[in-house]
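When a ligand or atom number is given, it counts from 1 through the structure's own listing order.
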Amino acid sequence: MERTLSIVKPDGVARGLIGEVIKRLEQNDLKIVAMKMIYLSLAQAQGFYAVHKDKPFFESLTNFMISGPVVVMALEGERAIARYRDLMGATDYRKAAEGTIRKDFAKEIEKNIVHGSDGPESAASEIGYFFNRLELVA
Ligand code: IDP
Ligand code: MG
């Protein structure tokens, strides 16, 4: 069993895609073990994306992430990290496989609907960034 962090980004929330994302998680045996809607501060968004702080898109990305509320979830399942990345599709929606969330809904490389952890270390630190142990069920 593995856990991973999922975020429905501000574009996904604004476009009414929370339910669509959750439906795909539930249909693919990714169990939601924690969930909340939050409005990130700039400092919180910068902290979350600290690994990208030297990238040219960092300022734009962090401002996008505070442009509206997000839905943050911790997911659990067999190979949850990789299986959720497969459901999301490639970062660039133009390169994402058919039937993935990003292929089906994203319109820009930055505004790509969802976030997902990229490995066991980032999953653990990202879940810990948003949830304490009491907030994780199961
Ligand atoms: P990921 O979300 O697929 O893991 P990362 O490389 O970790 O992709 O990038 C984090 C986020 O930064 C992406 O989801 C996207 O919103 C944004 N991003 C990544 N690359 C670019 C880019 O080249 N231009 C603008 N935004 C980007
Ligand atoms: Mg990433």
Side-chain angles (χ1 to χ4, degrees):
M1 276 300 179
E2 238 176 28
R3 284 180 174 176
T4 190
L5 186 86
S6 165
I7 304 178
V8 183
K9 294 181 178 183
D11 59 330
V13 174
R15 290 173 57 195
L17 295 171
I18 300 169
E20 179 67 35
V21 171
I22 290 177
K23 182 186 79 182
R24 292 178 186 217
L25 300 176
E26 291 183 330
Q27 287 178 342
N28 287 278
D29 290 318
L30 289 166
K31 183 180 169 193
I32 298 166
V33 294
M35 174 162 64
K36 60 186 163 193
M37 176 178 263
I38 49 177
Y39 215 132
L40 291 170
S41 69
L42 184 58
Q44 287 167 338
Q46 288 170 338
F48 179 72
Y49 275 125
V51 297
H52 293 310
K53 67 179 183 329
D54 296 324
K55 302 270 171 60
F57 57 81
F58 180 72
E59 189 177 350
S60 175
L61 172 63
T62 50
N63 278 295
F64 160 55
M65 290 299 289
I66 66 164
S67 64
V70 297
V71 172
V72 188
M73 293 174 272
L75 311 177
E76 186 176 88
E78 285 291 324
R79 296 179 49 249
I81 297 168
R83 288 200 302 112
Y84 175 50
R85 296 270 331 175
D86 288 346
L87 285 184
M88 290 197 307
T91 309
D92 183 346
Y93 69 100
R94 292 166 296 191
K95 296 178 185 151
E98 293 296 331
T100 61
I101 294 168
R102 286 166 167 174
K103 179 73 175 189
D104 287 347
F105 300 107
K107 295 171 178 169
E108 292 173 45
I109 184 162
E110 179 179 84
K111 296 179 178 58
N112 57 6
I113 317 291
V114 279
H115 166 83
S117 309
D118 64 5
E121 287 84 24
S122 63
S125 75
E126 289 175 2
I127 290 169
Y129 194 78
F130 288 110
F131 298 106
N132 67 42
R133 285 180 61 183
L134 291 175
E135 294 173 306
L136 292 156
V137 301

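Summary of contacts: the protein heavy atom closest to atom 1 (P) of ligand 1 is Thr91 OG1, 3.5 Å. The protein non-hydrogen atom at the shortest distance from atom 19 (C) of ligand 1 is Phe57 CZ, 3.5 Å. Ranking protein heavy atoms by distance to atom 10 (C) of ligand 1, first place goes to His52 NE2, 3.6 Å. The nearest heavy-atom contact from the protein to atom 4 (O) of ligand 1 is Arg85 NH1, 2.9 Å. The nearest protein atom to atom 16 (O) of ligand 1, hydrogens excluded, is given as Glu110 O, 2.7 Å; this is a heavy-atom distance.
Put simply, no part of Glu108 is less than 4.0 Å from ligand 1, judged by heavy atoms. Proximity of Ile109 to ligand 1 is established by a heavy-atom distance of less than 4.0 Å. The closest approach between a heavy atom of Lys111 and any atom of ligand 1 is not below 4.0 Å. Residue contacts with ligand 1 include Arg102, since one or more of its heavy atoms lies under 4.0 Å from the ligand.
Panel note: side chain Arg83, backbone Gly77; no donor-acceptor pair is recorded below 3.5 Å. Between the Ser117 side chain and the Leu5 main chain, a donor and an acceptor come within less than 3.5 Å of each other. Panel note: side chain Arg102, backbone Ile113; no donor-acceptor pair is recorded below 3.5 Å. Looking only at distances, no side-chain donor or acceptor of Gln27 sits under 3.5 Å from a matching main-chain atom of Arg24. Side-chain atoms of Tyr93 do not come within 3.5 Å of backbone N or O of Asp104 as any donor-acceptor pair.
Considering backbone and side-chain N/O atoms, Asn112 comes within less than 3.5 Å of an N/O atom of ligand 1.
Lys111 forms a cation-pi arrangement with Phe64, by the criterion of a distance under 6.0 Å to the ring centre and an angle within 45° of the ring axis.
Ion pair Asp92/Arg94 flagged as a salt bridge, since at least one NZ, NE, NH1 or NH2 atom sits closer than 4.0 Å to an Asp/Glu carboxylate oxygen.
Under 4.0 angstrom from ligand 1, there are no non-hydrogen atoms of Lys55.
Partner of Val70 under the side-chain contact (heavy atoms from CB on, under 4.5 Å) criterion, chosen from Ile7, Val8, Ile18, Asp11: Ile7.
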